[in-house]
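Report on one structure; see the data block that follows.
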Amino acid sequence: MDDYDANARAERARHGHPFLNTAQAAHYVGLHYRTLEVMRRQGRGPRFRRHGRHIRYHIDDLEQWSLTNGQDLSSGEAD
């Protein structure tokens, strides 16, 4: 495998990557990225991982967090 093949393979893998950075994760769950940062510092919010010095959120963890911490508005009890 030459360098071009390795780089092309890495690029294809990156597009299917299930890990999001803080800004992407915040957008995914509908929060401002600063809100997600504050929640992380306070020990609240979705599970995150450290990849070296980078914070990453797995899409499955964001989905789970949303399901367990969201409100069901279908009952009509919302404002």
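Both F48 and I59 belong to a single network of hydrophobic side chains, linked directly or stepwise wherever heavy atoms of I, L, V, M, F, W or Y lie under 4.5 Å apart.
Heavy atoms only, all atoms of each residue included: L36 and A26 are closest at CD2-N, 3.6 Å.
Contacts classified as side-chain hydrogen bond (donor to acceptor under 3.5 Å, both in side chains) and involving residues 20-32 (residues at least two apart or in different chains) are given here: T22-R40, Y28-E63.
Rounding to the nearest 0.5 angstrom, the gap separating the OG atom in S66 from the CG atom in L31 is 9.0 Å. From L20, atom CG reaches atom CD1 of I55 across 13.5 Å, with rounding to the nearest 0.5 Å.
R44 is linked by a salt bridge (charged side-chain N to carboxylate O under 4.0 Å, His left out) to nothing, counting only residues two or more places apart in sequence or in another chain. Residues meeting the side-chain hydrogen bond (donor to acceptor under 3.5 Å, both in side chains) test with R47, sequence neighbours left out: none. By the ring pair (Phe, Tyr, Trp, His ring centres under 6.0 Å) test, H51 pairs with F19, sequence neighbours left out. In terms of the side chain to side chain contact (heavy atoms under 4.5 Å, CB included) criterion, residue partners of R41 (sequence neighbours excluded) are, by chain and number, E37, V38.
Counting heavy atoms from C-beta on, the side chains of N69 and P46 never come closer than 4.5 Å.
In terms of modelled atom types and a separation under 3.5 Å, the side chain of D61 and the main chain of Y57 share no donor-acceptor contact.
A 6.0 Å sphere centred on CZ of R49 holds more than 12 heavy atoms belonging to other residues, nucleotides or ligands.
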